Peer 1: 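Below you will find the structure I want to go over with you.
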Amino acid sequence: MLEVVALSHFYGKHQALADVALGIEQGEIVAILGANGAGKSTLLKSIAGLVRPAPGAVIRFDGQSIFELPAHLIVERGIALVPEGRGVFGDLTVAENLQLGAYPARARAGEADRLAKILQLFPRLAERMSQAVRTMSGGEQQMVAIGRALMSNPLLLLLDEPSLGLSPLLSREVFRALTQIRAGGVSVLLVEQNARASLDLADRVYLIESGRNAGSGLAAAMKNDPEIQRAYLGKARATSPAPNSLP
Ligand code: ATP
């Protein structure tokens with residue numbers, strides 16, 4: 001459903017992305033792994049239309065180019081970004097933040113049903129609809145951010161470091177929610193610093209190093225690859241296979 005080819009991006013003279021390619025099929029969870037500064041956030045922002053790629057890139061969604069579209073029209077096509085740092089409105093309540101997510105035209109039909117499903121997914125939000133978001137924990141704010149993105153009725157959810165700063169318990173809750181979101185028909189492309197959790201969750205993984213593709217494959221196979229274990233899971237050479245559980 002999403003096809004990215006020859007994606008490059010420059011911040012001034014600094015090249016953050018160089019000829020990156022990736023694809024995601026409907027119903028997949030795909031993770032992007034890479035070190036700090038590898039270009040992962042820039043990649044998600046390029047797909048969401050928040051930064052403009054260098055000429056020559058191809059970004060197609062459901063067969064149509066979205067490369068030249070402004071960010072709000074990319075949302076209308078069905079792509080929603082949950083940015084790093086969440087981007088929630090702290091002074092507004094949970095209910096108001098969720099309502100803002102329903103602003104796009106594609107979100108109007110079925111809004112009440114969608115809200116009900118999101119509150120089933122994150123029951124904590126149902127209990128706190130009138131609470132100011134700035135008074136909530138990091139994990140709860142992440143749920144608000146994901147909920148707000150889902151209110152736009154996306155086909156593809158882009159998530160930038162959803163577990164950053166969360167306790168292991170809340171991280172697990174967020175990752176569990178992503179599996180349910182996929183079961184509800186929304187594909188997921190996620191950037192994560194928690195490589196182990198990503199490999200457990202995702203169907204496929206792309207590796208990005210210094211703004212370039214550095215490998216890709218099925219998560220189940222990559223989890224047992226000694227090079228991946230050494231580079232991304234902090235394992236020394238010739239150790240036992242990675243455990244299969246979330247952290
Ligand atoms: P992290 O995991 O640390 O968030 P990342 O893989 O998401 O890193 P990006 O945030 O995409 O990486 O940054 C890629 C490169 O581009 C980095 O070298 C970063 O310093 C640089 N960069 C990012 N945003 C800007 C900007 N607005 N202006 C200049 N350089 C930038």
Side-chain angles (χ1 to χ4, degrees), residues 2-24 29-59 61 66-67 69-72 74-75 79-88 138-139 141-142 145-146 149 156-168 170-171 174-175 178 187-202 204-217 219 222 227-234 246-247:
L2 178 75
E3 186 190 1
V4 173
V5 185
L7 177 59
S8 299
H9 181 74
F10 293 82
Y11 293 108
K13 287 189 180 156
H14 174 69
Q15 184 162 17
L17 294 175
D19 276 333
V20 170
L22 66 84
I24 172 163
I29 299 181
V30 172
I32 300 168
L33 299 184
N36 286 342
K40 306 177 301 296
S41 297
T42 305
L43 176 55
L44 291 192
K45 285 182 196 162
S46 302
I47 296 167
L50 296 175
V51 300
R52 194 54 62 207
V58 174
I59 307 179
F61 186 60
I66 56 166
F67 173 51
L69 292 182
H72 71 280
I74 293 177
V75 175
I79 299 181
L81 171 68
V82 181
E84 189 173 358
R86 299 161 200 143
V88 287
Q141 292 192 20
Q142 188 60 258
I146 295 172
L156 172 63
L157 191 61
L158 311 177
L159 294 126
D160 198 345
E161 306 273 17
S163 80
L164 193 66
L166 304 194
S167 68
L170 278 177
S171 296
V174 166
F175 279 106
L178 297 183
S187 308
V188 174
L189 177 60
L190 119 132
V191 159
E192 246 304 319
Q193 30 93 40
N194 187 335
R196 190 177 305 281
S198 304
L199 287 164
D200 282 337
L201 176 77
R204 287 189 303 116
V205 173
Y206 287 91
L207 308 178
I208 303 282
E209 281 174 17
S210 305
R212 293 180 183 277
N213 284 102
S216 66
M222 288 182 110
E227 274 307 304
I228 301 291
Q229 293 185 350
R230 191 181 55 75
Y232 293 92
L233 301 176
L246 288 167

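Counting convention: from 1, in listed order, for ligands and their atoms alike. All heavy atoms count here, side chains included; hydrogens, waters and symmetry mates do not. Only a predicted model underlies this, so the values are computations on that prediction, with no experimental measurement involved.
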Peer 1: Among the heavy atoms of Gly39, does any lie under 4.0 Å from an atom of ligand 1?
Peer 2: yes

Peer 1: Within a distance of under 4.0 Å, is there any protein heavy atom near atom 20 (O) of ligand 1?
Peer 2: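 So atom 20 (O) of ligand 1 lacks protein heavy-atom neighbours under 4.0 Å.
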
Peer 1: Please indicate whether any nitrogen or oxygen in Gly37 is less than 3.5 Å from any nitrogen or oxygen in ligand 1.
Peer 2: yes

Peer 1: Could you find the nearest protein heavy atom to atom 18 (O) of ligand 1 and give me its residue, atom name and distance?
Peer 2: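 Result: His14 NE2, 3.2 Å.
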
Peer 1: As an exercise, identify every atom of ligand 1 less than 4.0 angstrom from a heavy atom of Glu161.
Peer 2: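 The list of qualifying atoms is 2 (O).
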
Peer 1: Taking a cutoff of less than 4.0 Å between a non-hydrogen atom of the residue and any ligand atom, is Lys45 in contact with ligand 1?
Peer 2: no

Peer 1: How many angstroms lie between atom CG of Leu81 and atom CD1 of Ile74, to the nearest 0.5 angstrom?
Peer 2: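 Rounded to the nearest 0.5 Å, the CG-CD1 separation comes out at 10.5 Å.
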
Peer 1: Relative to the heavy atoms of Ala35, which atoms of ligand 1 are at a distance of less than 4.0 Å?
Peer 2: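 Those of ligand 1 that fall under 4.0 Å from Ala35 are 6 (O).
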
Peer 1: Do side-chain atoms of Lys40 reach the backbone of Ile32 as a donor and acceptor pair under 3.5 angstrom?
Peer 2: no

Peer 1: Among all the protein's non-hydrogen atoms, which is closest to atom 2 (O) of ligand 1, and how far away is it?
Peer 2: Lys40 NZ, 2.9 Å

Peer 1: Any side-chain to backbone donor/acceptor pair from Glu192 onto Ser163? Under 3.5 Å, distance only.
Peer 2: yes

Peer 1: Quick one: does any side-chain atom of Ser167 pair with a main-chain N or O of Leu170 as donor and acceptor, under 3.5 Å?
Peer 2: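 Yes; at least one donor-acceptor contact below 3.5 Å.
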
Peer 1: To the nearest 0.5 angstrom, please state how far the CG atom of Leu22 sits from the OG atom of Ser216.
Peer 2: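 The distance works out to 9.5 Å.
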
Peer 1: Could you list which atoms of ligand 1 come closer than 4.0 Å to a heavy atom of Ser41?
Peer 2: 4 (O), 5 (P), 7 (O), 10 (O), 11 (O)

Peer 1: Ignoring hydrogens, just give me the one of Gln193, His9, Glu84 whose non-hydrogen atom is nearest atom 4 (O) of ligand 1.
Peer 2: Glu84

Peer 1: For atom 24 (N) of ligand 1, which protein heavy atom lies nearest, and how many Å away is it?
Peer 2: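 The closest one turns out to be Tyr11 CZ, 3.3 Å.
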
Peer 1: Run down the list Thr42, Ile32, Ile208 and name the one with the heavy atom closest to atom 9 (P) of ligand 1.
Peer 2: Thr42

Peer 1: With distance as the sole test, does Gln193 use its side chain to make a donor-acceptor pair with the main-chain N or O of Glu161 at under 3.5 Å?
Peer 2: no

Peer 1: Does Arg212 use its side chain to pair, donor to acceptor, with the backbone of Ala38 at less than 3.5 Å?
Peer 2: no

Peer 1: Between atom CG of Asn194 and atom CZ of Phe175, what is the distance when rounded to the nearest 0.5 Å?
Peer 2: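 That separation rounds to 5.5 Å.
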
